[in-house]
4 protein chains.
Amino acid sequence: MSPRNPEKDRQMREKRMQHILDSALKVMAVHGFQLTSIQDIAKEAKVSVGTVYHYFESKEEIFSEVLRKGQTNYGRNVAAVAVMEVEPLQKLRVIASTWLAASSTNWAFTILMHTARLSKSTPPELKRAITERFTANLKPVASIMEEGMRQGTIVEGDSVQLAFYFVSLIQGLTMQRTPDYEVPVAMNVDAIIGLFEVKEQR
Amino acid sequence: MSPRNPEKDRQMREKRMQHILDSALKVMAVHGFQLTSIQDIAKEAKVSVGTVYHYFESKEEIFSEVLRKGQTNYGRNVAAVAVMEVEPLQKLRVIASTWLAASSTNWAFTILMHTARLSKSTPPELKRAITERFTANLKPVASIMEEGMRQGTIVEGDSVQLAFYFVSLIQGLTMQRTPDYEVPVAMNVDAIIGLFEVKEQR
Amino acid sequence: MSPRNPEKDRQMREKRMQHILDSALKVMAVHGFQLTSIQDIAKEAKVSVGTVYHYFESKEEIFSEVLRKGQTNYGRNVAAVAVMEVEPLQKLRVIASTWLAASSTNWAFTILMHTARLSKSTPPELKRAITERFTANLKPVASIMEEGMRQGTIVEGDSVQLAFYFVSLIQGLTMQRTPDYEVPVAMNVDAIIGLFEVKEQR
Amino acid sequence: MSPRNPEKDRQMREKRMQHILDSALKVMAVHGFQLTSIQDIAKEAKVSVGTVYHYFESKEEIFSEVLRKGQTNYGRNVAAVAVMEVEPLQKLRVIASTWLAASSTNWAFTILMHTARLSKSTPPELKRAITERFTANLKPVASIMEEGMRQGTIVEGDSVQLAFYFVSLIQGLTMQRTPDYEVPVAMNVDAIIGLFEVKEQR
DNA sequence: TATGAATGAGAATTCATTCAT
DNA sequence: TATGAATGAATTCTCATTCAT
């Protein structure tokens, strides 16, 4: 019947969708959330507008997917760090360094996430999904905090709250990392981690 | 024809402009940044679109002014706290509590600021102005940090960097405060301030 | 405060709205229902697309208004005929002649009405409104039928049903009146009315 | 490779084309005329868009074929009724009952036909074809009328005109039969036929 | 023959801005 | 100064049609 190869078709489809999502994140990083038009995304992906709509129902869905993939990815990375064979403080350092790395577009991603949660026009399901994934992603960080408390190297407190503060701080700093006009104050990962560290007695 | 009073005219003008700016912030807090139209602002201010354009050159200028007033205001408040007659840690507490108060629309303001800095369509002058005011506003906080270090109650480090971390943390937390789907983790001002506090010897 | 004349403004507004609605009917008569674009309407009315949207919320609303005005108008006309001082059969003749007059765009209007009622995309309220007005407009015709039955000049039967048949016949014929390729069969008002007439005994 | 059978191939082709046309009518009955997309038709027929284009040149052609088959079919049915061995009035009754049967999608078909004739975008050939078939289909009905006149059971008049009125009435009533908001007036086939009947002397 | 990916023109709608009154 | 009508560019989304596999 069909002279096509369904399996290959499926793979191609998957690949193109990912390509479009990557392009979407890239332009959103430059243009900002809802200011990114489908045109912009299509141009970046070097496909036509129609093609974008061939793969995604709406602009809405693209944003939703970008966020989902990004948060899921981040969650996986953090979980991997949490079970590494190093000191808890070192784990925090890895997370902070990765997130704040100059090359990353995390600042764009963070803004994207918060703007989506804020915007009146974002559908409730998406808001809830974002918040839930964010909350779930706090877990691995919280477990690092607990581990550090047990070892006496991380300050005492509610582990989830501490994780919340840590992540919020990192995200807050990330957003200062926007291009063009960066705040002229250096960031020092050791000093940041130091805030969560139990100081040795002299 | 009523005789004109130039001084009163000027005051009236000032008052209406402020009214429009207040209305603008109010709707932007609900609708999100650039999704707020001039129509929305005019409706909120109960004036016509034409009137808005009498007082402001462009939508651009309104945003710019909202940000300028907001940042200036914030700067004044922080400066006032910095010279209060209380412990440095207490000063930080006051700043944090005020900023994170449930009633505030600081989350909207923070997003507004970051989105503006991020957006390609924001003119460079505005971006620079925002960043400069942000940087300048770090000063009073840095002086609090220095004061605390001198007294041995605040952790050692570069005072401006510490201020940067403190403000970023507060802003990062603020953005978790968006309505509808708040992250289900409590915020505890004492615990937050605790991160910057030198712990007593046991 | 306002150097404008509100009353005059209101009148102008009313006039422009009517002008746009007239233009809308005119183009819909040529292009057909949902095939008429706002562009078409704007061009016909010699205003910009934006202006059309200044006066009407949506294409939907324009169609809805065209139908409402048209049906209301028709209802008024039929009611006026119903109370004229002539024979019942003569009243039917007047209605039929008016409706089938070559110059009228009733055929367009009729199609418009039925297509709207048929289309899946027409909101239920509009469908109900159309149907209700149609039903209400049967009343005057039914009263003519009753009058004729009392006088023995119109065939016996349920007056509302008879009215329904009469109107449906007229509308059915109207739709044959589309331009370009008219059905090559003459219409004779007397013969049509004859169907509802009690034939004299010889 | 299976040996080809040209005759069987042709039959298959014919069968698939008919299947697509049937599906087309089905969806058009629900979605309304030009609001039906090729996608809709393909989905209903459970084939791909490409396949539809294998069998038909354009959307235009599909509509054209649906109408042609529908009108031809109707013509055949009416012609069959015309030569049945029953009273002329009974023949009219059969035609009316069939056409107005609740289950039929004639209302969709009727709208389809009229909208096509009306639309600016319908090519002239199609318009002419529709009108010609419509006109030709009046013949069998006209012959029924003539038969009735000869027998003195159907009112006198031009037989083709009478047929025209009869068919227009039926079509007019059909369009009141749209789903969702039917006009709340009963239809009585006997009463309808009665309009064309010569009344007995008292 | 069958598929569905790709395209681009066109539709509805929004909105910043201008301008006559 | 105040108003709101008018404009047209930009945006999202749809869809007929083409084409490589």
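Keep in mind that the numbers below use all heavy atoms, side chains included, and drop hydrogens, waters and symmetry copies. By convention in this document, chain letters (A, B, ...) are assigned in the order of the sequence lines, proteins followed by strands, and residues within each chain are numbered from 1. All values derive from a computational prediction rather than experimental measurement.
- Straight-line distance from the CD atom of A:Glu57 to the C1' atom of F:dT12: 14 Å, rounded to whole Å.
- With salt bridges taken as basic N to acidic carboxylate O contacts below 4.0 Å, one links A:Glu7 and A:Arg10.
- For the OP1/OP2 pair of F:dA5 and a distance below 4.0 Å, the side-chain nitrogens and oxygens of C:His54 include at least one atom meeting the criterion.
- Taking side-chain N and O atoms only, A:Ser48 has no distance below 4.0 Å to OP1 or OP2 of E:dG8.
- Across every non-hydrogen atom of B:Leu67 and B:Met113, the tightest pair is CD2-CA, 3.8 Å.
- As rounded to whole Å, 19 Å separates atom P of F:dC19 from atom CE of A:Met12.
- Looking at which nucleotide of DNA chain E each of A:Lys46 and D:Lys46 is closest to, the 5′-most match is held by D:Lys46.
- Shown here, E:dT7 forms a base pair with F:dA16; the pair counts as Watson-Crick or G-U wobble because both key distances fall under 3.5 Å.
- Residues A:Tyr53 and A:Lys59 come closest through the heavy atom pair OH-N, 4.4 Å.
- Under 4.0 angstrom from either OP1 or OP2 of E:dG4 there lies no side-chain N or O belonging to A:Arg13.
- Take the nearest nucleotide of DNA chain F for B:Val47 and for A:Ile38: the residue whose nucleotide is more 5' is B:Val47.
- Classification of C:Glu65 and C:Arg68 as a salt-bridged pair holds, one side-chain N sitting under 4.0 Å from a carboxylate O.
- For F:dA5, the OP1/OP2 oxygens have no side-chain nitrogen or oxygen of C:Thr51 closer than 4.0 Å.
- Here the C1' atom of nucleotide F:dC15 and the NZ atom of D:Lys43 are 13 Å apart, to the nearest Å.
- Going from atom CG of A:Asp9 over to atom C1' of F:dA20 covers 11 Å, rounded to whole Å.
- Look at B:Tyr55 and you'll find a side-chain N or O under 4.0 angstrom from OP1 or OP2 of F:dA2.
- Note on D:Arg16: every side-chain N or O is 4.0 Å or more away from OP1 and OP2 of E:dT1.
- Listed nucleotides: F:dT17, F:dC13, E:dA12. Nearest to the side chain of A:Val49: F:dC13.
- Going from atom CZ of A:Phe56 over to atom P of E:dA5 covers 12 Å, rounded to whole Å.
- Nearest-nucleotide assignment on DNA chain E puts the 5′-proximal partner with A:Gly50, out of B:Tyr53 and A:Gly50.
- Applying the 6.0 Å contact sphere to NZ of C:Lys127 captures more than 12 heavy atoms from other residues, nucleotides or ligands.
- When rounded to the nearest whole Å, the span between CD of C:Glu61 and P of E:dA12 equals 15 Å.
- Between C:Lys59 atom NZ and E:dA11 atom P the separation is 9 Å, expressed in whole Å.
- In this structure, CD of A:Gln11 is placed 16 Å from P of E:dG4, rounded to the nearest angstrom.
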